[in-house]
Every structure is written in C-alpha cells, then in structure tokens.
There are 2 protein chains.
Amino acid sequence: MTTIREIARQAGVSVKTVSRVINREPMVGEATRNRVLAIMKSLNYVPNVAAQRLARGRSQVIGLLFQNATWAYLHDVLEGSLSIARDRGYSILTRLVDVRTERDREELLQMVAEQRVDGYLFTPPCDNAPELLDALHQRTIPFVRLTPHNRELPYPHVTASDFLGAREITDKLIALGHRRIGFIMGDTDHIASHDRLAGYRAALQANGLSFDPRLVLPGDWQFKSGTAGGAQLLQRRPRPTAIFASNDDMAAGVLSAAHRLGITVPAELSVAGFDDVPLAEQVWPPLTTVRQPIQQIARQASHLLIDLLEGKTLPALHYEFPTELIVRESTSLNPEAAGAR
Amino acid sequence: MTTIREIARQAGVSVKTVSRVINREPMVGEATRNRVLAIMKSLNYVPNVAAQRLARGRSQVIGLLFQNATWAYLHDVLEGSLSIARDRGYSILTRLVDVRTERDREELLQMVAEQRVDGYLFTPPCDNAPELLDALHQRTIPFVRLTPHNRELPYPHVTASDFLGAREITDKLIALGHRRIGFIMGDTDHIASHDRLAGYRAALQANGLSFDPRLVLPGDWQFKSGTAGGAQLLQRRPRPTAIFASNDDMAAGVLSAAHRLGITVPAELSVAGFDDVPLAEQVWPPLTTVRQPIQQIARQASHLLIDLLEGKTLPALHYEFPTELIVRESTSLNPEAAGAR
DNA sequence: GACGCGCATGACACCGGTGTCATAATGACA
DNA sequence: TGTCATTATGACACCGGTGTCATGCGCGTC
C-alpha cells in the first residue's frame with residue numbers, strides 16, 4: 001500500500017501538501033495540485049481511513065439503527081441514506097438494536113466512545129427511548145429520527161404527513177359512497193397511529209359524517225391484529241362497507257378475514273391500507289393505500305445528520321413530507337350507495 | 001476521553017501492559033491484570049478503534065453486500081451476521097451495490113484499500129460477478145457467499161439444500177394425490193432455480209410420475225412472473241391440480257391469478273412456494289412452503305469469513321444446510337384423487 | 001555458584017494520516 | 001524602496017493504540 005509520504009516524495013512536496021490535495025483544501029497552487037493528483041492516480045493511491053479517523057478524531061461513520069421495521073421500509077431508508085452518505089464521504093453502519101434493553105443502550109454510547117460512529121439515524125421503533133435520546137443529547141452526540149414515534153421531543157426528525165395521508169384516503173372512501181368506514185389503529189404509543197386516526201376523523205367531519213367509536217378498533221401494526229380487527233368489524237350490524245387499516249400489513253389481515261368469512265373484496269367490502277409496502281401489490285386484491293416518500297425522508301435525514309456532524313446548526317428541527325394516494329383494486333363504489341342513487 | 005497512557009500511569013505500568021490486558025494476551029501477571037482492569041473500569045475506558053485499526057493494519061469490519069434481496073431475507077442475514085460479528089469483535093458495514101457496474105466493483109476494492117473493511121459477505125444477486133470474485137481472490141481479500149447463484153466457483157459459500165427442499169415439497173403434493181403439478185421456475189442464471197427444478201423432477205420420478213415439460217414455465221422470482229405463469233398454467237387442459245412456484249413471491253402471484261380466474265385455493269388448486277418469507281403467511285390462503293435456515297446460514301458464513309480474516313484455513317469450501325417443510329392452507333387433497341378412491 | 005529457561009514487563013519505533021504554526025514568495029501600496 | 005497582507009508550502013508534533021525486541025527476575029539443574 002502506498003502512503004502519503006511516498007506520494008510526497010515523488011511529487012517533491014511535503015506530506016502536508018499532499019494532505020491538502022486529498023482534502024481539497026484551498027491553499028494549494030494549481031500546478032502543484034495537478035502534479036500531486038497525477039502521481040496519486042498513477043500509484044493508485046487511496047488514503048487510509050483508519051489513519052484519517054485517528055488523526056481527525058472522527059470516524060465519518062453514521063450508525064443506522066433499526067429493530068423490526070418492515071423490510072421495504074428499511075430498503076428505502078438504506079437506499080436513501082447510503083446515497084447521501086456516499087456523496088458526502090460517510091459510511092453507514094447498520095445496527096440491529098433493542099433500545100428497551102439497558103445493554104443495547106450502553107452499547108450505542110460505547111460505539112461513539114470507541115469512535116466507531118459519530119452519530120445516529122433512528123428508525124422506529126428504536127427512537128422510542130427518551131432516556132437514550134436524552135443521554136445522547138447530553139453528550140452532544142448528534143442524531144436524527146426518521147418517522148419517529150413521538151414528535152414532541154425537541155430533537156430533530158424527518159417524517160411524512162400521516163394526518164394528511166389518512167385524511168386523503170378516507171376522503172377517497174367517502175367519495176366512493178361509503179358511510180360506515182371501519183378503522184383499525186396502529187400501536188398506540190406510536191404517534192403516527194394517532195395522527196392517522198385524526199386524519200380519518202377529520203375526513204369524516206369534513207364530509208358531515210358522525211364519528212362512531214364502535215367502528216374503531218385497536219391494532220399493533222401486525223398482520224394478525226388486522227385479521228382480528230377485521231373479523232370483529234365484519235360482525236358489526238350493520239356491517240361497515242369499508243375498512244381503513246392504519247398500515248398495509250393490517251389491511252392484508254383484513255383481506256384474510258374477509259376471505260375467511262366469504263365476503264368479496266371490493267364488491268362487498270372496500271379495504272384501504274397505508275405505507276404502500278410491496279405486500280400491498282401482492283395480496284388479492286391489490287391494496288389502495290398511501291405511499292410515504294421514505295427515500296426522500298432518509299435522504300433529508302442523512303443530510304441533516306451530516307450537517308450536524310460537521311458543526312452546522314439546522315434551520316429547523318422538524319421536517320415533514322407529503323404523502324401520495326395510491327388507488328388499486330381493493331376499493332370500489334359502495335354498492336349500497338350505488339343502489340340508492 | 002481517557003487513553004491507554006492515562007490508564008498506564010494510574011496503574012503504574014507501561015502502556016504495553018495495558019494493551020496486553022485489553023487484548024487478553026497471556027503474558028500478564030494476575031495481580032497486574034486485575035489492577036489494570038479495575039482502573040479501566042473506574043475511568044470508564046474504551047479503546048479507540050481507529051487507533052487500533054491503524055496500528056493493527058486491519059479494520060475489523062465486514063462488508064455485507066446486497067442489492068435487491070427480499071427484505072425478510074436481509075433481515076435474517078443481518079440478524080445472524082450481526083450476532084456473530086458482535087461476539088467476535090467485528091462490525092458489519094451494510095452496502096447496497098450493483099455489481100454489474102464497473103463503478104461499484106471498483107468501489108468495493110477501494111473500500112478494502114482504504115481499510116474500511118477487511119472482507120465481504122455476498123448475498124445474491126451480488127455474488128453473480130465472477131470478475132469481481134476473481135479480483136478479490138487475486139488480492140487475497142477474503143469473502144464468503146451466502147446462497148450463491150453459482151456453486152461451481154472454487155470460493156467458499158454457505159447455502160441451503162434447494163434440491164432436497166424442492167423434492168420434499170413435491171413429494172408432499174404427490175402424497176396429497178396430485179398428479180398434474182405445474183412448476184414455475186426462478187431466474188435461470190441462478191443455480192437455485194435449476195436445483196429446485198431438479199428436486200421437483202426427482203420427486204416425480206421417485207413416485208413413478210412422468211415429467212411433462214408443458215407443465216414447466218419460466219419465471220424470474222418476481223411476483224408478476226408468478227401471475228403470468230399461473231394464468232398460463234391454469235389454461236392448460238387438463239388443468240394442473242397443483243402448482244409449485246419456485247419462491248413465495250411467485251406463488252403469491254399464482255394465487256392472484258387463480259383468484260382472478262375464480263378458481264378457489266386449495267379446493268380446486270393447491271399452491272406451494274419456497275423460502276417462507278413473511279408474505280407466505282400474509283396472503284390468502286397462507287402458503288405451504290419450504291423454509292431455509294437463513295440465520296443459521298448467515299452465522300456460519302460470518303464465522304467462516306472471520307476465520308479467514310484471522311488467517312485460519314477452512315476445513316471445507318462449501319457448506320449446505322437442510323430446509324424445513326412448512327405446511328399451511330394453500331395445499332389440500334386432490335379432489336380428483338379423493339373422488340377416485 | 002554458574003547457567004539456562006520461562007514468565008512478566010517495559011522502551012520505543014511505528015501505523016498513516018491531520019493540525020498548528022512558522023516561513024518563503026509574491027504583489028499591492030504608501 | 002520599505003511595509004504589510006496574502007498565498008503557498010513545509011517542519012513537526014500528535015492522534016492512541018500495537019509489534020518487536022530487550023531486560024529483569026525467580027528458579028531448577030548440573
């Protein structure tokens with residue numbers, strides 16, 4: 001492996017000058033720079049990052065934390081953050097953690113002490129540990145949360161507009177003539193659950209429909225809670241003609257429940273989800289849902305984190321991106337409404 | 001941050017002795033070791049990995065490469081490799097690459113030159129680049145492939161027994177009385193596709209059934225090719241009473257095709273998949289499939305890679321793990337056979 | 001009592017960069 | 001022509017560990 005000293009020797013300059021060229025520092029003469037660059041290229045030189053890290057006292061590594069996020073979500077997060085990190089000279093260290101355990105929380109702090117990572121990107125549900133966030137903040141370890149559970153904390157985060165997305169898809173169901181629309185909630189300690197419920201309620205109200213609490217069932221984002229909630233809602237009399245589940249996994253559960261009860265979708269029941277994960281297209285019938293711009297969110301979050309790592313101050317703490325309504329075959333005109341016309 | 005010198009000073013020993021304690025080297029007196037450990041603990045000392053890496057000339061980081069693997073797969077790979085890496089003092093650097101591009105291939109080599117990573121774990125389809133593997137081998141950069149496309153190359157890999165798994169699930173369908181069993185293949189330049197087909201054929205032969213090439217359709221692992229292949233198979237007369245798709249995504253596609261044609265599963269058609277991804281449980285009806293021990297494979301691969309990194313030679317190049325048959329509701333007795341009894 | 005040996009420890013160079021500060025060269029300006 | 005700011009460059013310590021080799025010591029052996 002060729003070193004900076006070898007380059008310096010061949011170029012007839014000091015190692016510091018080579019270092020300046022490597023780091024694109026301004027105070028280097030045009031001719032010198034070109035000479036050094038040429039030699040670096042001819043020798044196939046690449047700087048040793050371990051040495052850079054030691055000398056700089058920074059690792060230029062971002063820790064990306066996740067636990068059990070859906071994998072489509074993780075994919076988009078990786079895709080987005082890796083591209084930004086690469087552009088800005090950082091690496092991504094993926095870490096599977098359980099922030100509820102003291103052990104993992106300790107380890108995250110230690111990773112920084114060891115100079116393995118400089119800062120963290122949190123994906124849900126990892127961000128759901130205020131004591132950890134406080135500890136990080138106290139040690140001035142930068143971090144950014146993506147689509148966090150809790151939006152009240154005074155720490156930076158980037159998210160999608162759950163409220164508007166939910167309102168839009170509920171509006172759509174209402175526009176299709178549905179009046180009795182079931183709702184299955186996400187995990188209650190995830191703020192998005194409440195926002196999506198609020199969006200649902202806002203749409204009802206805006207359309208002059210009354211909110212019926214019996215049509216709202218709890219869930220936990222998992223497929224099984226969709227099956228259970230769906231089965232329960234479909235026993236209500238009069239039966240809801242549409243069900244909006246707070247995510248696609250649960251919506252797929254609703255489809256299963258409907259199949260099991262012999263109820264055809266969308267003829268007898270419209271089903272809507274949220275997130276637009278690949279599953280949404282792979283169930284029968286494909287789900288009408290709401291797409292979140294996860295890659296965009298991840299890119300923005302990465303930029304923010306790197307800005308923080310480089311000592312900049314952020315113009316704002318919280319960033320919100322709009323969602324997109326995706327209409328597929330799991331929803332249709334309410335037959336009752338069609339008949340009443 | 002406290003350094004090794006501070007520890008040495010307080011313990012009244014040389015930095016080298018502290019270094020020995022840190023690295024659990026043998027030649028340290030019992031009393032000295034305990035004294036040093038106590039001081040390290042009291043000062044909350046953690047060694048600086050950047051310094052270690054520089055001094056040792058190794059990064060203790062494993063690059064985990066992937067492209068568009070299914071995310072359940074990636075999850076298990078991460079879960080498995082992270083746990084081993086953690087135990088053995090390594091980190092995992094996740095990397096999204098497209099090995100077909102010269103640029104990404106260059107970058108992988110550069111990452112090693114920069115001492116960012118010491119070796120690589122390849123997940124499909126990333127391993128499908130012989131020129132890259134050769135280049136790595138030539139530079140003696142260790143790597144291990146997980147469930148690789150090509151098993152002929154003389155490089156280490158860990159995989160599951162596609163052949164046996166496919167034979168077992170086909171056996172199961174035959175045991176249920178099916179005689180006309182459609183088959184949808186995976187991507188043909190993936191060796192697993194051929195192994196699964198071979199398993200299917202072996203089961204037919206072992207049961208005295210003749211192989212009918214008209215019942216075998218091409219596919220590419222994607223959901224859509226399952227839809228297409230399923231639709232085509234279901235137009236054959238006499239119609240197959242069962243379809244074995246080479247992975248769960250395509251099997252889900254077959255389910256969709258059946259739904260669209262009004263064919264009920266499993267009453268009129270049994271459907272089987274392969275891989276047991278979460279999707280398998282989330283479609284209707286839940287899929288009978290074959291589970292690969294991905295976490296186990298990932299753990300084994302990580303061990304092998306770290307052994308290589310630490311200069312050991314492997315007892316064998318290729319490792320194969322058995323699969324597990326998972327029976328769910330997408331398969332049932334062949335009604336024709338039941339009637340014929 | 002001299003010798004050899006195994007164990008415990010330390011001195012010191014070294015890994016390959018970066019940061020700080022000094023210095024030389026150049027040009028503008030009084 | 002002297003002064004001073006500006007630009008370009010270099011010397012050298014330093015980051016925080018590890019590897020190599022030398023050394024000291026206690027003890028069994030002849």
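Throughout, protein chains are lettered first and strands after them, A, B, ... in sequence-line order, and every chain is numbered starting at 1.
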- Message: By the ring pair (Phe, Tyr, Trp, His ring centres under 6.0 Å) test, which pairs, at least two apart or in different chains, include something from residues 78-135 of chain B?
- Response: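 Matches after skipping sequence neighbours: B:Phe122-B:Phe143.
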Starting from [atom2] on [N], measure out to [atom1] on [X] and report it in whole angstrom.
| X | N | atom1 | atom2 | value |
| --- | --- | --- | --- | --- |
| B:Glu25 | D:dG17 | CD | P | 14 Å |
| B:Arg116 | C:dG17 | CZ | P | 13 Å |
| B:Lys16 | C:dA13 | NZ | C1' | 12 Å |
| B:Arg53 | D:dT18 | CZ | P | 13 Å |
| B:Ile22 | D:dG19 | CD1 | C1' | 14 Å |

- Message: So for the helix from C:dG1-D:dC30 to C:dA30-D:dT1, with five pairs setting each end axis, what is the inter-axis angle to 10°?
- Response: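 The angle, to the nearest 10 degrees, is 50°.
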Check whether the side chains of [X] and [Y] place a donor and an acceptor atom closer than 3.5 Å, and report yes or no.
| X | Y | value |
| --- | --- | --- |
| A:Ser91 | B:Arg116 | yes |
| A:Ser81 | A:Ser302 | no |
| B:Ser161 | B:Glu320 | yes |
| B:Asn150 | B:Tyr155 | no |
| B:Glu114 | A:Asn48 | no |

- Message: I'd like to know whether A:Leu93 forms a side-chain contact (heavy atoms from CB on, under 4.5 Å) with B:Ile92, so could you lay out the CA-CA distance, the side-chain angles of the two residues, the decisive distance to 0.1 Å, and finally the verdict.
- Response: CA-CA 7 Å; A:Leu93 192 77; B:Ile92 300 278; 5.8 Å; no
[X] and [Y] ion-paired at < 4.0 Å:
| X | Y | value |
| --- | --- | --- |
| B:Asp104 | A:Arg86 | yes |
| A:Asp307 | A:Arg88 | yes |
| A:Arg53 | A:Asp118 | no |
| B:Arg103 | B:Glu106 | no |

Listing time: all N or O pairs from protein to nucleotides 5-9 of chain C that are below 3.5 Å?
residue	atom	partner	partner atom	Å
C:dT9	OP1	B:Thr32	OG1	2.5
C:dT9	OP2	B:Gly29	N	2.5
C:dT9	OP2	B:Thr32	OG1	3.4

- Starting at the 5' end of DNA chain C and moving along, which residue's nearest nucleotide shows up first, A:Val46 or B:Val15?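 Here B:Val15 is the residue nearer the 5' end.
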Would you list the protein and nucleotides 25-28 of chain D atom pairs, both N or O, that sit under 3.5 Å from each other?
none

Grab the N/O contacts between the protein and nucleotides 14-16 of chain C below 3.5 Å, and write none if there aren't any.
residue	atom	partner	partner atom	Å
C:dG16	N7	A:Arg5	NH2	3.2

- Does the A:Arg35 side chain pair with the main chain of A:Ala11, one donor and one acceptor, at a distance under 3.5 Å?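 Answer holds: yes.
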- All salt bridge (Lys or Arg N to Asp or Glu O under 4.0 Å) counterparts of B:Glu131, not counting sequence neighbours: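 Here the qualifying residues are B:Arg105.
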